[in-house]
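For reference, the structure discussed in these notes is given below.
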Protein chains: 2
Amino acid sequence: MSTPAKDVPRYIEIRRALAMRIMSGDWRPGHRVPSEHELMEQYGCSRMTVNKALSTLASSGLIVRKRRSGSFVASPHSQTTTIEIHDIRSEIVSGGYEYSYAVLWRRLRNATRQDMSRLAVTGGERVVAVTVVHFASELPFVLEERIISLAAVPEAESEHFVTAPPGSWLLERIPWTQAEHVISAVGAGDVAAAHLGIREGAACLVIERKTWRSGAPVTWVRLTYPGDRHQLVARFAPATQAKASPEPRKAALRGDAS
Amino acid sequence: MSTPAKDVPRYIEIRRALAMRIMSGDWRPGHRVPSEHELMEQYGCSRMTVNKALSTLASSGLIVRKRRSGSFVASPHSQTTTIEIHDIRSEIVSGGYEYSYAVLWRRLRNATRQDMSRLAVTGGERVVAVTVVHFASELPFVLEERIISLAAVPEAESEHFVTAPPGSWLLERIPWTQAEHVISAVGAGDVAAAHLGIREGAACLVIERKTWRSGAPVTWVRLTYPGDRHQLVARFAPATQAKASPEPRKAALRGDAS
DNA sequence: TCGATTCAATTATATATACAAATATTGCGA
DNA sequence: TCGCAATATTTGTATATATAATTGAATCGA
């Protein structure tokens with residue numbers, strides 16, 4: 001009945017066995033898992049192998065480890081889950097829709113007070129503000145309002161986003177970043193309602209993202225999705241497998257075939 | 001100017017150095033990072049140490065590794081971010097509010113077709129359906145609609161949730177689970193509007209969660225938050241430190257001091 | 001030229017070992 | 001009994017080494 005374990009490495013085998021005991025409820029939160037020495041005897045392998053199993057279990061949050069005390073089953077006081085927020089283009093294309101976008105307007109300006117608060121800067125730098133609508137097969141999919149710091153991305157001064165939308169364009173130039181996402185629900189304002197073709201006040205899923213690169217603010221963006229057309233999906237299972245989230249599905253248009 | 005690295009382990013030091021090169025844009029996506037042998041010479045340490053640095057970098061998604069080919073800087077085609085969805089009680093308490101809840105109703109029934117679809121089961125098992133409002137200092141905070149499979153949690157048959165709300169009660173009994181979250185924005189229905197004290201049609205942030213335990217469905221829950229009072233916040237930084245998400249903040253009431 | 005085979009580079013896993021760091025427990029002395 | 005020092009346990013890190021698996025590249029033969 002258990003898995004035949006054809007070619008799975010020792011440390012994954014051990015990790016799975018321990019994860020099973022925990023997730024089945026056999027070992028309750030706070031329970032002490034055997035020490036590395038005990039497991040080493042139990043499984044007939046070296047301490048380093050056991051250590052790898054336990055370390056990865058710990059990094060996935062299933063256990064906590066403490067020197068001299070031992071390893072203990074963690075208490076899950078929160079559900080942590082990984083969501084993938086995709087590039088809008090691939091999000092639409094991979095859903096089987098045809099992608100297009102339109103730049104509504106683009107402006108160069110000195111940062112307003114609002115811009116500064118959004119970018120989390122104090123000095124009044126110059127910014128590009130741009131608003132774009134993305135379409136999934138002619139249907140308005142999301143409204144993108146963006147501010148780009150020219151200090152961080154000087155090339156943006158002369159870029160009009162005719163060949164690529166701001167998100168993709170930036171991703172090309174700012175490869176790895178830190179980000180903060182805020183997800184909320186708001187009623188559509190008049191601008192959003194007009195451009196998304198929805199009723200004013202209709203519920204929208206809003207994702208705001210601030211992006212830094214090595215501490216320096218790069219861009220702020222607000223994505224407004226019509227609430228009846230879009231949702232975020234996230235799967236989570238504690239690491240029995242290698243990855244923390246075995247199959248994190250992307251944000252999807254509603255009404256897809258199950 | 002760089003960190004003095006007082007007592008940081010070798011492998012973290014190496015990982016940081018590599019992460020810096022990647023995040024600064026010095027090494028673009030697709031760039032081949034030196035092989036373990038090269039890094040081993042470069043840093044004057046053993047291959048296992050380099051391997052640990054690279055493995056953890058890979059598991060955090062900053063690089064991808066392939067045998068015989070080498071390790072390459074990953075292309076960030078999606079922003080993955082971890083959000084923590086807390087136990088509602090601690091969410092409210094840690095925000096400095098006083099927590100209370102009220103069970104609106106609770107029912108035992110054979111699973112309706114809707115119940116079955118929500119729990120992702122086909123057979124008509126018996127379920128408990130319960131609806132609860134949670135308050136943050138008297139203010140309605142969230143509406144919880146829940147279905148619990150009696151096959152998975154028989155004790156729920158006689159539980160009326162007077163000492164603990166269903167979420168906490170379940171967490172006590174079913175600590176480790178897999179879950180799927182769906183986050184969306186919807187206009188408040190009449191029930192939600194009445195119990196949350198908001199206008200019908202007002203935007204609400206809705207989190208639906210299906211929970212399994214070793215493959216068997218346990219519970220389904222829909223949490224409806226008034227959109228103007230609640231948001232989800234998630235921070236992400238690629239692993240320069242040990243953890244993938246250094247400081248994931250919790251869902252928060254709006255209007256907190258910045 | 002094409003395909004199969006061999007070779008070699010690189011990562012993946014595993015072992016044995018050593019020492020360091022943290023800290024719970026024990027024991028000793030005042 | 002109280003405080004402190006010694007001790008032992010457990011995890012954390014590092015090394016040296018060995019073997020396996022994967023697969024790009026080169027070689028060789030027809």
Side-chain angles (χ1 to χ4, degrees), chain A residues 3-19 22 27 30-74 239-244, chain B residues 3-19 22 27 30-74 239-244:
Chain A
T3 51
K6 39 187 71 170
D7 198 19
V8 53
R10 297 289 270 132
Y11 80 95
I12 290 185
E13 195 186 330
I14 297 172
R15 188 174 64 188
R16 277 202 193 144
L18 298 177
I22 295 172
W27 289 349
H31 181 278
R32 180 181 166 159
V33 328
S35 74
E36 297 189 348
H37 275 285
E38 289 168 316
L39 288 171
M40 167 182 152
E41 295 222 338
Q42 190 171 323
Y43 287 94
C45 63
S46 79
R47 212 197 102 198
M48 284 306 295
T49 302
V50 172
N51 181 276
K52 186 157 188 178
L54 290 175
S55 304
T56 54
L57 264 190
S59 82
S60 81
L62 219 54
I63 65 175
V64 292
R65 316 194 69 198
K66 213 176 156 211
R67 278 178 180 162
R68 161 70 212 213
S69 300
S71 305
F72 302 87
V73 177
T240 310
Q241 293 82 9
K243 292 288 180 179
Chain B
T3 51
K6 39 186 69 169
D7 199 18
V8 52
R10 295 293 267 129
Y11 80 94
I12 290 185
E13 194 185 330
I14 297 172
R15 189 175 63 188
R16 277 203 193 145
L18 298 177
I22 295 171
W27 290 348
H31 182 277
R32 180 182 165 159
V33 328
S35 74
E36 297 189 350
H37 275 285
E38 289 167 316
L39 288 170
M40 165 181 153
E41 295 222 338
Q42 189 172 327
Y43 286 94
C45 63
S46 80
R47 213 199 105 205
M48 282 308 292
T49 302
V50 171
N51 181 276
K52 186 157 187 178
L54 290 175
S55 304
T56 54
L57 264 190
S59 82
S60 81
L62 218 54
I63 64 174
V64 292
R65 316 195 69 198
K66 215 175 154 209
R67 280 176 179 163
R68 161 71 210 206
S69 300
S71 305
F72 302 86
V73 176
T240 312
Q241 292 82 10
K243 292 290 179 177

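Chain letters run A, B, ... following the sequence lines, proteins first, then strands; residues in each count from 1.
- If you take CD1 of Ile63(B) and P of dT10(C), they are 14 Å apart, rounded to a whole angstrom.
- With axes fitted over five pairs at each extremity, the angle between the ends of the helix from dT1(C)-dA30(D) to dA30(C)-dT1(D) is 10° (10° resolution).
- Side chain to side chain, Arg32(A) and Ser71(A) fail the donor-acceptor criterion of an N or O pair below 3.5 Å.
- Separation of atoms CZ (Arg65(A)) and CG (Asn51(A)) is listed at 5.5 Å; rounding is to 0.5 Å.
- Within the 4.5 Å cutoff, no side-chain heavy atoms of Arg15(B) are placed close to those of Ser60(B).
- At the phosphate of dA9(C), neither OP1 nor OP2 sits under 4.0 Å from any side-chain N or O atom of Arg67(B).
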Dump the pairs, protein N or O against N or O of nucleotides 5-8 of chain D, anything under 3.5 Å, distances to one decimal.
unit_1, atom_1, unit_2, atom_2, d
dA8(D), N3, Arg68(A), NH1, 2.9

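- Ranked by how close their nearest DNA chain C nucleotide is to the 5' end, Ser35(B) and Tyr11(A) are led by Ser35(B).
- In this entry the distance linking CZ of Arg65(B) with P of dA21(D) reads 18 Å, nearest Å.
- Leu62(A) contributes atom CG, which lies 5.5 Å from atom CG of Leu57(A) (distance to the nearest 0.5 angstrom).
- Applying the 4.0 Å criterion to OP1 and OP2 of dT11(D), one finds that Ser71(A) has a side-chain N or O inside that range.
- Between Ser59(B) and Thr56(A) there is no side-chain heavy-atom pair separated by less than 4.5 Å.
- One interatomic measurement links the two molecules: CZ of Arg10(A) to C1' of dA16(C), which rounds to 16 Å at whole-angstrom precision.
- Neither side chain, Arg10(A) nor Thr49(A), offers a donor N or O lying under 3.5 Å from an acceptor on the other.
- For Glu41(A), the CD atom sits in a loose shell: 12 or fewer heavy atoms of surrounding residues, nucleotides or ligands are nearer than 6.0 Å.
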Worksheet entry | salt bridge (charged side-chain N to carboxylate O under 4.0 Å, His left out) between Glu36(B) and Lys52(B), worked out | CA-CA 10 Å; Glu36(B) 297 189 350; Lys52(B) 186 157 187 178; over 6 Å; no
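- Residue Ser55(B) is out of contact with every strand shown, counting any heavy-atom pair closer than 4.0 Å.
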Discussion item. Evaluate Glu13(A) against Arg16(A) for side chain to side chain contact (heavy atoms under 4.5 Å, CB included), listing each step before the verdict.
Written reply: CA-CA 5 Å; Glu13(A) 195 186 330; Arg16(A) 277 202 193 144; 5.9 Å; no
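- Of the inter-residue distances, the one linking Tyr11(B) atom OH with Ser55(B) atom OG reads 11.0 Å to the nearest 0.5 angstrom.
- The structure places SG of Cys45(B) at 8.0 Å from CE of Met40(B), a figure rounded to the nearest 0.5 Å.
- Contact check of residues 36-52 of chain A against DNA chain D (heavy atom, cut-off under 4.0 Å) returns Glu36(A), Arg47(A), Met48(A), Asn51(A).
- Atom CG of Leu57(B) is separated from atom P of dA12(C) by 12 Å (rounded to the nearest Å).
- Side-chain N/O atoms of Lys66(B) include one lying less than 4.0 angstrom from OP1 or OP2 on dG24(D).
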